[in-house]
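For reference, the structure discussed in these notes is given below.
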Amino acid sequence: MGQPDPVLRFPAVHAGDGPPHRAEDRGCAAGDGRGPRPAHRGLPEGIRRPRRLRRGGGMMEERRSQPIEDRLRKLAALRELGVESYAYRFPVDHATVAARQAFEAAEAQGTLQPDGAGPRVQVAGRLVSLRAHGKTLFADLADRSGRLQLYFRQVELGPEAFRILALLDVGDWVGASGPLFRTRMGEVTLRVSAFQLLAKAVRPLPFAKEEVDEDAGTRRVHGDFADVEQRYRQRYADLAVHPEVRQVFVARARLTSALRRVLDAQGFIEVETPVLQPLYGGASARPFVTHHNALDMQLFLRIADELYLKRLIVGGMERVYEISKDFRNEGIDRTHNPEFTMLEFYQAFADYEDMMRLVEELLGAAMTEVLGAGRRAQFQEHSIDFTPPFRRISFLGALREHGQLDTDQLSDQALREQARAAGVPDADALNRPHLLDELCKTLGEPHLIQPVFVTDYPRELSPLAKPKRGDATLVERFELFVAGREIANAFSELNDPFDQRQRFEAQMVLRAGGDEEAQQLDEDYLRALEYGMPPTGGVGIGIDRLVMLLTDQPSIRDVILFPTMRPAQAGE
RNA sequence: GCGUCCGUAGCUCAACUGGCAGAGCAGGGGACUCUUAAUCCCAAGGUUGAAGGUUCGAUUCCUUCCGGACGCACCA
């Protein structure tokens, strides 16, 4: 018979990569002289399911479920048939979407064979649906680009290969090749002439089933993997069954590379500064504490990159940035994860006005990358317009506008009354700048839906920012708010070492007064400033929150692949 | 850390004021050569998150613990 071997026997390595693998390392090896057995779906004799479940031992400590037992038995059956369940490689020449496009192109050009066959392709992916029909079987194969239907026929593959097919499960990784055609139902499909098991899934994946209601044109999903806890804990399973989740992380990667492109194009240098720091600083937050054994010293995980990046400005690097994890020992909620990703960049000879324009440009690039040409993003119930320039409002102006507070006219005591009335907790313990800060958070920020730069903060709230020209009670600082959340924080950086020392000393006083988040005096940083830091604009952008905003994800855990979780119970 | 709600088969969910823990899908056996939530027949699948308590009897009521979601606090 001139039939090609129905089961692929791709060499495990490229020619020239090394010696060929032994035959038993190759793919399915079916026809081995066994008499023709009636092809049937299911487990061969002798490996049928025992009456009682086995317990313990082997790969999983937990009690094995029946589906797992069944798959393990199929694994054994495959081994008996000489089929390797965990392959080495499989050369793919088309992604599933590209295969469909290739067929449609051939169709449009009228180059299909008389029997309707289009180009031959070789694809690989996970089986996400199996529909057996006696001597034929339809399957859906999913790869990162999409899905392609596979059509297996016993008459074409032969009984031995068809028997192997019966041992495959939803979730298995499979490679397949053959010509494309269009079924009677109109779906572009691969008529499989050869296939290879690439990796057996011994644990069932919770693929959903989708029902399309012809009348309403709607689609209903059945049995989706919906337990959010399990989706976060077993992100691999979440990603495997939810292409839309994969898309969020693809968008995230594109976003960060778009930000890098903009900064690189403007002469910024990407650098890496210490995560382990003997003193932490650059933000107001409580740190994680760790210990170095050999040095026998306490170290902190950084809460910000700021002070190291500005040392580099002192060193003459002029434009630097870092995209990295920061760590803050705070609560966890919808917008906070203990480790999170921050972009910080610093530009010599620039002030915060320059930084506002650069932030607008960066957000524009990020939007184009994630959402295409438009300047509007839908985030939850808000339609947000990112057309620059963004609105600007001063910190005190925001309080006036949204809190109806003319703070110049209010004494500390009157301010405290207002704070109490607004529901600020512990209002009695706060000094004037912190009262203003709390009032702004409570009264102002929730209203800042469209992008707005809030500028010129009270000096005491910003110990690393330069005094505002013309009003020394304020500093040149802005925060960008979108959808009620802070997205960016920036200053004209304080480069006067004498002023900086005083600011640190003021923080020390707060610290002595019990403020755990007050910044520490960093003598080495002051020494750097004494060597002279040029005027500098600096910005920090919370990447996770930006990704949330542009991909419309309500929880930070939906944009972090492996969010921080408590350890699960044993056996879970 | 505090409050509210939740935890039942591999997945998604039922189970009335306490009365033998069920279904769909997945999985197993059988039928089926263009299906797509394939269909049809059959059989199976459970420490009801964990430990105590009340009760003749607990998925249900009570206590504690574990984990999660949401809200508050802290923060970006």
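Hydrogens, waters and symmetry mates play no part in the numbers below; they use all other heavy atoms, side chains included. So you know, we letter chains A, B, ... as the sequences are listed, proteins then strands, and number each from 1.
Remark: B:rA15 base-pairs with no nucleotide in the shown strands. Criterion, Watson-Crick or G-U wobble with two distances under 3.5 Å. In this structure B:rG57 sits in no base pair that meets the Watson-Crick or G-U test at under 3.5 Å. Figure legend. B:rA43 is base-paired to no nucleotide; pairs are counted as Watson-Crick or G-U wobble with both atom distances under 3.5 Å. Of the nucleotides present, B:rG49 is the one that pairs with B:rC65 by Watson-Crick or G-U wobble criteria, both distances under 3.5 Å. B:rG1: Watson-Crick or G-U partner is B:rC72, with both key distances under 3.5 Å. B:rA37 makes up no base pair with any nucleotide shown, lacking Watson-Crick or G-U wobble contacts both under 3.5 Å. In a base pair of the Watson-Crick type (N1 to N3 plus N6-O4 or O6-N4) or a G-U wobble (N1-O2 and O6-N3), with each distance short of 3.5 Å, B:rC25 is matched with B:rG10.
The separation of B:rU4 from B:rA50, taken at their C1' atoms, amounts to 22 Å, rounded to a whole angstrom. Between the P atoms of B:rG53 and B:rU59, the separation comes to 15 Å (whole Å). Here, B:rA44 and B:rG24 have their C1' atoms 16 Å apart, quoted to the whole Å. Taking atom C1' on both nucleotides, B:rA14 is separated from B:rG22 by 7 Å, rounded to a whole Å. Comparing B:rC5 with B:rA76, their P atoms sit 32 Å apart, to the nearest whole Å. For B:rU63 and B:rC20, the C1' atoms lie 28 Å apart once the distance is rounded to whole Å. Taking atom P on both B:rU33 and B:rG45, the two are 32 Å apart, rounded to the nearest angstrom. B:rG7 and B:rC62: their P atoms are spaced 14 Å apart (whole Å).
If A:R286 and A:R334 are placed on RNA chain B by their nearest nucleotide, the residue sitting closer to the 5' end is A:R334. With the nearest nucleotide of RNA chain B identified for both A:M565 and A:F340, A:M565 has the one nearer the 5' end.
Among the atoms of the strands shown, base atoms are found under 4.0 Å from some heavy atom of A:N337. Looking at heavy-atom distances under 4.0 Å, A:R545 makes contact with a base. Counting non-hydrogen atoms under 4.0 angstrom, A:A226 reaches the backbone sugars and phosphates but no base. In this structure, A:F181 reaches the bases: a heavy-atom distance under 4.0 Å links it to at least one base atom across the strands shown. No engagement by A:G542 is indicated, since no non-hydrogen atom pair under 4.0 Å with the nucleic acid exists. Within the nucleic acid shown, A:R71 has no heavy atom closer than 4.0 Å to any nucleic acid atom. Heavy atoms of A:Y151 sit under 4.0 angstrom from at least one base atom. Looking at heavy-atom distances under 4.0 Å, A:R182 makes no contact with the nucleic acid at all. A:S284 comes within contact range of the sugar-phosphate backbone alone, with a heavy-atom separation under 4.0 Å but no base atom that close.
Here the side chains of A:K74 and A:D172 are not in contact, with every heavy-atom distance at 4.5 Å or above. Residues A:Y151 and A:T183 fail the side-chain proximity criterion, which asks for heavy atoms closer than 4.5 Å. Within the 4.5 Å cutoff, no side-chain heavy atoms of A:M548 are placed close to those of A:D558.
Regarding A:F162, its CZ atom lies at a distance of 10 Å from the P atom of B:rU33, rounded to whole Å. Straight-line distance from the CG atom of A:L137 to the P atom of B:rA31: 15 Å, rounded to whole Å. Note: CD (A:Q230) to C1' (B:rG67) measures 9 Å, nearest angstrom. Atom C1' of nucleotide B:rG68 and atom CG of A:D558 are separated by 14 Å, given to the nearest angstrom. The interatomic distance linking A:E229 (CD) with B:rC11 (C1') rounds to 15 Å, in whole Å. Separating the CD1 atom of A:I332 from the P atom of B:rG67 is a distance of 12 Å, rounded to the nearest angstrom. Protein atom CZ of A:R235 is 15 Å distant from nucleotide atom P of B:rG68, rounded to whole Å. Here the P atom of nucleotide B:rG29 and the CD atom of A:Q66 are 11 Å apart, to the nearest Å.
Between A:R131 and the phosphate of B:rU36, there is no side-chain N or O to OP1/OP2 separation shorter than 4.0 Å. Using a 4.0 Å cut-off, no side-chain N or O of A:R328 falls inside it from OP1 or OP2 of B:rC74. An OP1 or OP2 oxygen of B:rG27 is reached within less than 4.0 angstrom by no side-chain nitrogen or oxygen of A:R73. Side-chain nitrogen and oxygen atoms of A:K209 include none within less than 4.0 Å of the OP1 or OP2 phosphate oxygen of B:rU36.
Judged by distance alone, with hydrogens and angles left aside, A:Q149 brings a side-chain donor or acceptor within reach of the base of B:rU35, the pair sitting under 3.5 Å. You won't find any donor-acceptor pair under 3.5 Å spanning the side chain of A:S129 and the base of B:rU36, going by distance alone. Between the base of B:rC11 and the side chain of A:D227 there is no donor-acceptor pair shorter than 3.5 Å.
Nearest to the side-chain atoms of A:T183 among the listed nucleotides B:rG71, B:rG68, B:rU36 stands B:rU36. Side-chain proximity of A:T189 to B:rU35, B:rC74, B:rA26: nearest is B:rU35. Of the candidates B:rG68, B:rC34, B:rA69, the closest approach to any side-chain atom of A:R233 belongs to B:rG68. Checking B:rU35, B:rA76, B:rG27 against every side-chain atom of A:I556, the shortest atom distance belongs to B:rA76. Checking B:rU33, B:rU35, B:rC11 against every side-chain atom of A:T136, the shortest atom distance belongs to B:rU33. Comparing atom distances between the A:H133 side chain and each of B:rA76, B:rA69, B:rU35 picks out B:rU35 as nearest. Out of B:rG10, B:rG28, B:rG68, the shortest distance to the side chain of A:K74 is found at B:rG28. Which of B:rG67, B:rU33, B:rA76 sits closest to the side chain of A:E486 comes down to B:rA76. The listed nucleotides are B:rC74, B:rC11, B:rA26; the one nearest the side chain of A:P206 is B:rC11.
Using a 5.5 Å limit on the distance between ring centres and a 30° limit on the angle between planes, the aromatic ring of A:H222 counts as stacked on the six-membered base ring of B:rA37. B:rA38 has no stacking from A:F138 on its base ring, since the centres under 5.5 angstrom apart and planes within 30 degrees of parallel are not both found.
A donor-acceptor pair is defined here as one N or O able to donate and one able to accept, closer than 3.5 Å; no such pair exists between the side chain of A:R328 and the backbone of A:A304.
A:K310 has a carboxylate O that lies under 4.0 Å from a charged side-chain N of A:E306, or vice versa, which qualifies the two as a salt bridge. Residues A:E211 and A:K209 are not paired through a salt bridge, judged by the lack of any N-O separation under 4.0 Å between the basic side chain and the carboxylate.
Each of A:L443, A:T442, A:D437 was compared with A:L439 under the side-chain contact (heavy atoms from CB on, under 4.5 Å) criterion, and only A:L443 meets it. For the ring-ring contact (aromatic ring centres under 6.0 Å, His included) criterion with A:Y280, the lone passing option out of A:F300, A:F327, A:F288 is A:F300.
Note: A:R163 CZ to A:L78 CG = 10.5 Å, rounded to the nearest 0.5 Å. Between the CD1 atom of A:I541 and the CD atom of A:E486 there is a distance of 11.0 Å, given to the nearest 0.5 Å.
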